[in-house]
Peer 1: 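I have a structure I would like to understand better, so I am pasting it below and will then ask my questions one at a time.
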Amino acid sequence: MKRMAHYDPRKVELLAPAGNFEKLEIALHYGADAVYLAGKEFSLRNFSENFSLDEIKTALDVAHAKGAKVYVTVNIYARPDDLPAIEAYICHLKTIGPDGLIVADPAVIAIARKMAPGLPLHLSTQANTTNDEAVRFWQKQGVCRINAARELSLAEIARLADAGTAEIEAFV
């Protein structure tokens with residue numbers, strides 16, 4: 001996956017969850033290339049402590065100082081009343097500057113494309129991408145990385161990777 005310096009398509013990005021600052025530090029200490037974390041709202045990472053907006057900024061500073069990336073999950077399936085607050089949240093995230101957003105809901109993707117057009121969008125495993133047509137669909141929506149459904153075999157993941165130009169991510 002893409003790294004801050006030079007891109008090597010054979011290099012795998014080690015991406016680890018960071019539910020709090022202690023886990024962030026541990027992931028970086030043991031060589032994570034990137035971490036994903038959540039804010040206090042709009043994420044399915046409910047069992048993590050999660051980060052305030054100020055803490056996300058600090059986490060970015062810590063990770064970037066070590067050459068690692070930070071992706072912020074905004075992967076809830078939003079209710080209509082959530083949308084204005086998600087718009088404001090994504091605007092704030094844009095000013096903080098994470099390396100990407102992990103999203104699942106088409107409405108959240110549309111908001112992110114509108115409010116933070118330069119921010120890379122990664123599709124959450126929650127979207128359950130299992131086939132080539134879905135890869136091509138999500139690419140057309142502006143998604144640059146797709147997290148494959150967890151139940152796929154290695155051969156099925158390889159097929160997704162051949163379906164388009166989006167990076168494919170898989171839980172291991």
Side-chain angles (χ1 to χ4, degrees), residues 1-78 82 85-86 88-105 108-109 112 116 118-129 138 143-154 156-158 160-161 166-172:
M1 304 305 164
K2 291 182 182 162
R3 184 102 167 123
M4 287 185 180
H6 301 306
Y7 174 60
D8 179 352
R10 297 164 297 174
K11 180 161 179 8
V12 172
E13 179 183 70
L14 177 59
L15 173 60
N20 59 36
F21 276 108
E22 179 184 15
K23 292 175 183 174
L24 171 78
E25 290 286 350
I26 291 169
L28 297 174
H29 176 77
Y30 285 102
D33 300 303
V35 296
Y36 63 96
L37 54 84
K40 299 284 187 187
E41 300 177 288
F42 313 122
S43 169
L44 295 176
R45 296 192 50 74
N46 295 338
F47 297 109
S48 299
E49 292 175 34
N50 297 330
F51 294 76
S52 69
L53 287 167
D54 288 339
E55 290 169 334
I56 291 172
K57 174 64 175 131
T58 302
L60 278 161
D61 293 341
V62 168
H64 287 170
K66 296 186 182 225
K69 292 184 177 186
V70 175
Y71 308 122
V72 178
T73 62
V74 188
N75 62 343
I76 67 162
Y77 285 92
D82 295 327
I86 290 172
Y89 182 67
I90 288 175
C91 283
H92 197 91
L93 285 174
K94 177 184 167 188
T95 66
I96 295 173
D99 297 290
L101 299 180
I102 300 172
V103 295
D105 185 319
V108 175
I109 291 171
L119 219 54
L121 299 178
H122 300 186
L123 191 67
S124 172
T125 191
Q126 303 302 328
N128 213 42
T129 302
W138 289 118
V143 173
C144 65
R145 181 184 291 181
I146 297 168
N147 198 321
R150 293 181 184 189
E151 66 272 13
L152 296 184
S153 68
L154 189 55
E156 290 169 316
I157 293 168
L160 293 184
E167 297 175 349
I168 301 298
E169 178 178 323
F171 277 85
V172 294

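Computation of the quantities below employed the complete heavy-atom set of this structure, encompassing side-chain atoms and omitting hydrogens, waters and symmetry-equivalent molecules. Heads up: numbering here begins at 1 and tracks the sequence.
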Peer 1: Would you compute the distance between atom CG of Leu44 and atom CD1 of Ile76 and round it to the nearest 0.5 angstrom?
Peer 2: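 With rounding to 0.5 Å, CG (Leu44) is 7.5 Å from CD1 (Ile76).
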Peer 1: Using a 3.5 Å distance criterion without hydrogens, assess whether the side chain of Asn75 forms a donor-acceptor pair with backbone atoms of Ser124.
Peer 2: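 No, Asn75 side chain to Ser124 backbone: no donor-acceptor pair under 3.5 Å.
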Peer 1: Can you list everything that forms a side chain to side chain contact (heavy atoms under 4.5 Å, CB included) with Leu119? Sequence neighbours excluded, please.
Peer 2: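 Applying side chain to side chain contact (heavy atoms under 4.5 Å, CB included) to Leu119 gives Pro98, Leu101, Ala116.
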Peer 1: Could you pull out the closest heavy-atom pair between Ala104 and Gln126, with the gap in Å?
Peer 2: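 It is CB-CB, 4.2 Å.
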Peer 1: To the closest 0.5 Å, what do you measure between CG (Leu93) and CZ (Phe42)?
Peer 2: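 Separation between the atoms: 10.0 Å.
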Peer 1: Nearest heavy-atom pair of Arg150 and Phe171: which atoms, and what distance?
Peer 2: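 Reported closest heavy-atom pair: NH2-CZ, 3.3 Å.
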Peer 1: Which of these passes side chain to side chain contact (heavy atoms under 4.5 Å, CB included) with Val72: Val103, Val35, Ile56, Ile102?
Peer 2: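 With Val72 as partner, Val103, Val35, Ile56, Ile102 yield a single side chain to side chain contact (heavy atoms under 4.5 Å, CB included), made by Ile56.
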Peer 1: Considering only heavy atoms from C-beta outward, does the side chain of Glu55 approach that of Lys40 to under 4.5 Å?
Peer 2: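 Yes, close enough: below the 4.5 Å cut-off.
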Peer 1: Within the structure provided, determine whether His64 and Asp99 are in side-chain contact (heavy-atom separation under 4.5 Å).
Peer 2: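 Contact flag for His64/Asp99 side chains = yes.
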Peer 1: For a side-chain contact (heavy atoms from CB on, under 4.5 Å) check, start with the C-alpha distance between Ile90 and Val108, then their side-chain angles and the critical distance, and finish with the verdict.
Peer 2: CA-CA 9 Å; Ile90 288 175; Val108 175; 4.2 Å; yes
Peer 1: If you compare all heavy atoms of Val70 against all heavy atoms of Leu60, which two are closest, and at what distance to 0.1 Å?
Peer 2: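 Smallest heavy-atom distance, with atoms named: CB-CD2, 3.5 Å.
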Peer 1: Do the side chains of Glu22 and Glu49 get nearer than 4.5 Å, heavy atoms only?
Peer 2: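 No, their side chains stay 4.5 Å or more apart.
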Peer 1: What distance separates Asn147 CG from Trp138 CH2, expressed to the nearest 0.5 Å?
Peer 2: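 Asn147 atom CG to Trp138 atom CH2 measures 13.0 Å (nearest 0.5 Å).
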Peer 1: Checking Thr95 now: which residues fulfil side chain to side chain contact (heavy atoms under 4.5 Å, CB included) with it, not counting sequence neighbours?
Peer 2: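 Once residues adjacent in sequence are excluded, the partners of Thr95 under the side chain to side chain contact (heavy atoms under 4.5 Å, CB included) criterion are His92.
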Peer 1: Taking side chain as C-beta onward, heavy atoms only, is Ile96 less than 4.5 Å from Leu53?
Peer 2: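 Answer yes - side chains close enough.
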Peer 1: I want to check something: taking the side chain as every heavy atom from C-beta on, are Glu151 and Asn128 in contact at a cut-off of under 4.5 Å?
Peer 2: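 SC-SC contact between Glu151 and Asn128 confirmed.
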Peer 1: Which heavy atom in Phe51 sits nearest to a heavy atom in Ala18, and how many Å separate them?
Peer 2: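 Heavy atoms only, the tightest pair is CE1-O, 3.1 Å.
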Peer 1: Listed by chain and number, what are the ring-ring contact (aromatic ring centres under 6.0 Å, His included) partners of Tyr77, not counting sequence neighbours?
Peer 2: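 Partners of Tyr77 under the ring-ring contact (aromatic ring centres under 6.0 Å, His included) test: none.
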Peer 1: Would Cys144 and Leu121 count as a side-chain contact (heavy atoms from CB on, under 4.5 Å) here? Give the steps.
Peer 2: CA-CA 6 Å; Cys144 65; Leu121 299 178; 5.7 Å; no
Peer 1: Report the distance from atom CG of Leu37 to atom CG of Asn50, rounding to the nearest 0.5 Å.
Peer 2: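 The CG atom of Asn50 is 8.0 Å from CG of Leu37, to the nearest 0.5 Å.
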Peer 1: Which pair of non-hydrogen atoms, one from Ala63 and one from Leu28, has the smallest distance, and what is that distance?
Peer 2: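 Heavy atoms of Ala63 and Leu28 come nearest at CA-CD1, 3.8 Å.
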Peer 1: Checking side-chain contact (heavy atoms from CB on, under 4.5 Å) for the pair Lys69/Glu13: CA distance, chi angles, key distance, verdict?
Peer 2: CA-CA 10 Å; Lys69 292 184 177 186; Glu13 179 183 70; 4.2 Å; yes
Peer 1: Could you go through Ile109 and Leu123, starting from their C-alpha distance and side-chain angles, then the distance that decides it, and tell me whether this counts as side-chain contact (heavy atoms from CB on, under 4.5 Å)?
Peer 2: CA-CA 9 Å; Ile109 291 171; Leu123 191 67; 4.1 Å; yes
Peer 1: Ignoring hydrogens, what is the shortest heavy-atom contact between Tyr89 and Gly39? Give both atom names and the distance.
Peer 2: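 What the structure gives for the nearest pair is OH-CA, 3.3 Å.
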Peer 1: Please verify the inter-ring angle class for Tyr71 with His122; under 30° counts as parallel, over 60° as perpendicular, anything in between as tilted.
Peer 2: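 Aromatic pair Tyr71/His122 classed tilted.
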Peer 1: Flag the pair Val74 / Ser43 as yes when at least one side-chain heavy-atom distance between them is below 4.5 Å, and no otherwise.
Peer 2: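 No; the side chains remain at least 4.5 Å from each other.
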Peer 1: Does the side chain of Leu160 come within less than 4.5 Å of Ile146's, by heavy atoms?
Peer 2: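 No, side chains not in contact.
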